[in-house]
Every structure is written in C-alpha cells, then in structure tokens.
Amino acid sequence: MWIFLFVSFLEMVSGADWCYQSQVSCNSSCSGPDEWGVIFPQCGGRSQSPVNIVTGNVVADQRLTPLHLVGYQGAFQGNLSNNGHTAQMDLPAGMQIKGGNLPGTYKALQLHFHWGGDGGPGSEHTIDGERYPMEMHLVHIKEQYSSLSRAVSEPAGVAVLGFFFQESNSANKKFDALIKALRRIPRPSNKTTVRGISLQMFLPAPADMSRYFRYDGSLTTPDCAQAVVWTLFEKAVPLSRQQLSAFSQLAFSSGRPMVNTFRPVQPRNGRRVSRSGGPAAASPGPALGLLLLPLLLLLH
Ligand SMILES: *[C@@H]1O[C@H](CO)[C@@H](O)[C@H](O)[C@H]1NC(C)=O
Ligand SMILES: *[C@@H]1O[C@H](CO)[C@@H](O)[C@H](O)[C@H]1NC(C)=O
Ligand SMILES: *[C@@H]1O[C@H](CO)[C@@H](O)[C@H](O)[C@H]1NC(C)=O
Ligand SMILES: [Zn+2]
C-alpha cells in the first residue's frame with residue numbers, strides 16, 4: 001500500500017516541472033522545494049545551498065584575499081530572458097575571476113536574481129537569520145569546461161559570486177537599463193538585449209569587495225549539483241523599493257507574479273564557513289586593548 005502510494009507519487013512528480021514554494025499552493029502539478037530531492041537526488045545531499053550564515057561561527061582565513069575580476073569593466077550587450085524561474089542574463093566571453101583561494105580560473109557564464117514580493121524578503125542565503133530583499137548570482141565555471149553541465153562533474157567546477165541587495169531611499173541609476181528591460185520580458189521565454197552595461201556597474205565599489213564569506217555548496221535550483229565554491233559579499237548593493245519591486249512584474253508560466261524565487265535554507269551539516277581577512281584584520285583584538293590600557297589608566 002505504502003509502496004504503491006510512493007510509486008504513484010513518484011510518477012506524479014516526475015512528469016512535472018520543479019517550482020518554488022510560492023507556486024505550489026496554486027499548482028499542485030509542479031514540485032516544490034520539499035519534493036526536489038525525490039526527482040533530483042542531489043537536492044537531498046549533505047552539502048546543499050543556500051545556508052544561513054551565523055557570523056559568530058565563521059572562521060577568518062587569511063588566504064581569502066580580494067578576488068581578481070578580469071574583464072568586469074568592459075561594456076557588453078547581454079541577452080536577458082525570463083526563463084520561467086528568474087530573470088537571467090547570458091554573458092559574452094571574456095570575463096573571469098581568480099585569486100581569493102579559488103582553486104583555478106573561472107569564466108563568467110550568466111547572472112540571475114532571487115527576490116521576494118514587491119521588495120519584501122527574498123534572498124536565498126540569510127545572514128544571522130536575516131533575509132535581504134534580493135540576491136544576485138554571477139555563475140562562473142572553470143575555464144577548461146564548455147558548459148555548466150560539464151563543470152559540475154568536478155567538486156569545485158563552479159564558482160558563484162553572490163551579492164545581497166538592500167533597500168535605499170534613492171534609485172541606483174546603474175541598474176536603470178536592466179530594470180527597464182524587465183518590462184520587455186514579462187512572460188517565460190521572452191528575451192531582450194540590454195546594451196552598454198558592464199558587470200562592474202552591478203557590484204559594490206571595489207574597496208567594499210574585500211570582505212566576503214566562503215563555503216562549499218551546491219546549485220540552488222535542480223539538479224542542485226554539489227559542485228559550487230560560494231563567495232558571498234558582505235556589502236549589499238543599494239536599490240530603491242521601486243527598483244526592487246520591478247522584478248515582481250515578471251510572471252511565472254501560470255501568469256501569476258514571479259515572487260519569492262528562493263529556496264529555503266539547507267542544513268550546514270558540519271561544513272565550515274570562512275570569512276576573508278586573517279586573524280589580525282578580523283577585529284582589533286587584544287593587541288589594541290593592551291595599547292589602550294595605559295591610556296585608560298592615565299585617564300582614570
Ligand atoms: C545574444 O543573442 C544573439 C542572438 O540570438 C546571439 O547571437 C548572441 O551570441 C547572444 N549573446 C550572448 C552574450 O549570449
Ligand atoms: C512573451 O512571451 C509570450 C508567451 O509566453 C508571447 O505571447 C508574447 O508575445 C511575448 N512578448 C514579447 C514582447 O516577446
Ligand atoms: C502548473 O505547473 C506546470 C509545471 O510547471 C506548468 O506546465 C503548468 O502550466 C502550470 N499550470 C498552471 C495553471 O499554473
Ligand atoms: Zn541563483
């Protein structure tokens with residue numbers, strides 16, 4: 001009986017597409033995050049993403065020096081599409097990352113976003129339980145591979161840079177072209193071209209990019225391959241409420257607003273989360289206290 005039920009459940013879900021939790025309530029024929037692991041076994045693995053980062057438990061690592069971003073300043077035109085799950089921009093060749101203790105040189109493939117509803121909580125990773133309104137993923141693969149599906153054959157074949165967004169009072173003009181283009185891709189499979197942009201425009205100032213978290217995890221959408229070196233930058237990118245809300249104008253295939261496009265956080269299962277900056281850079285620590293002690297005694 002139970003086996004029969006399980007088999008019919010498998011038959012039911014294997015014919016369906018995966019979807020986010022926000023889509024399950026109005027469409028029982030798609031598989032939400034709780035069922036991903038049934039159809040895509042890696043989604044049930046022990047090194048899944050996203051995770052909640054507990055800043056009190058991260059370990060400072062002085063090998064996590066600033067990343068070298070190659071070709072990030074160059075202007076390009078990117079194809080932006082609504083792929084039914086997110087807004088994704090495919091990137092031309094010529095953008096790479098290395099350094100920061102990454103095990104190789106990685107080339108950029110695409111960027112995409114995860115967001116909430118009308119600027120509400122929507123990031124995938126959370127910091128001490130806080131969910132930011134949006135998270136951008138810059139997906140890179142090791143330079144010798146020709147596609148994401150080949151790169152995931154190696155445990156560190158993929159490197160994703162994650163950027164959080166926070167609400168600001170004024171609009172971030174650097175996002176104008178991309179956000180305007182969202183109007184041209186309301187429905188899945190709509191595509192448009194965005195011109196005159198560079199990756200650097202979408203990132204925090206270079207001086208703000210030396211602080212980041214690092215851990216080993218997975219893709220956050222099926223098949224959830226456990227092949228990703230994650231780098232999550234502490235400094236959030238500002239966008240106005242109106243700019244954040246613009247992402248919610250997109251629609252899923254059902255025609256309903258594309259909102260809450262994030263996977264729930266996954267168990268860390270003993271994985272280490274590191275943070276850039278050696279012990280000396282992490283905090284003033286006892287050395288500074290010792291220097292200040294005579295001064296305090298004098299004042300007393
Ligand atoms: C964008 O699409 C055009 C037409 O399909 C294609 O020729 C071009 O290579 C694409 N550019 C990128 C960066 O994917
Ligand atoms: C967007 O895609 C829908 C089908 O999903 C199509 O009917 C519509 O014409 C497309 N719109 C544009 C602007 O390409
Ligand atoms: C339900 O989800 C399936 C799979 O994602 C999709 O093909 C179908 O169009 C959806 N139907 C509705 C009414 O949303
Ligand atoms: Zn993502």
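Order of listing sets the numbers, starting from 1, for every ligand and every atom in it. Side-chain atoms are counted along with the backbone in the values below, which use heavy atoms only and exclude waters and symmetry mates.
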Engineer: With atom 10 (C) of ligand 1 as the reference point, say which of T193, N79, L80, D90 has the nearest heavy atom.
Structural biologist: N79
Engineer: Does R131 qualify as a cation-pi partner of F262, given the criterion of NZ or CZ under 6.0 Å from the six-membered ring centre and within 45 degrees of its axis?
Structural biologist: yes
Engineer: Could a heavy atom of P92 be found less than 4.0 Å from some atom of ligand 1?
Structural biologist: yes
Engineer: Using protein heavy atoms only, decide if any is under 4.0 Å from atom 2 (O) of ligand 1.
Structural biologist: yes
Engineer: Identify, for atom 9 (O) of ligand 2, the protein heavy atom at the shortest distance, and state residue, atom and that distance.
Structural biologist: N190 ND2, 4.9 Å
Engineer: Which residue, E135, E124, R214, forms the side chain to side chain contact (heavy atoms under 4.5 Å, CB included) with L232?
Structural biologist: E135
Engineer: Give me the residue, atom name and distance of the protein heavy atom closest to atom 13 (C) of ligand 2.
Structural biologist: R184 O, 4.2 Å
Engineer: Salt bridge between E167 and R241, side-chain N to carboxylate O under 4.0 Å?
Structural biologist: yes
Engineer: Measure centre to centre between the rings of Y132 and F165, then say whether the value is under 6.0 Å.
Structural biologist: no
Engineer: In this structure, is the centre-to-centre distance between the rings of H125 and Y215 below 6.0 Å?
Structural biologist: yes
Engineer: Tell me the protein heavy atom at minimum distance from atom 5 (O) of ligand 2, and give that distance in Å.
Structural biologist: P188 O, 3.1 Å
Engineer: At less than 4.0 angstrom from any non-hydrogen atom of L91, what atoms of ligand 1 do you find?
Structural biologist: 13 (C)
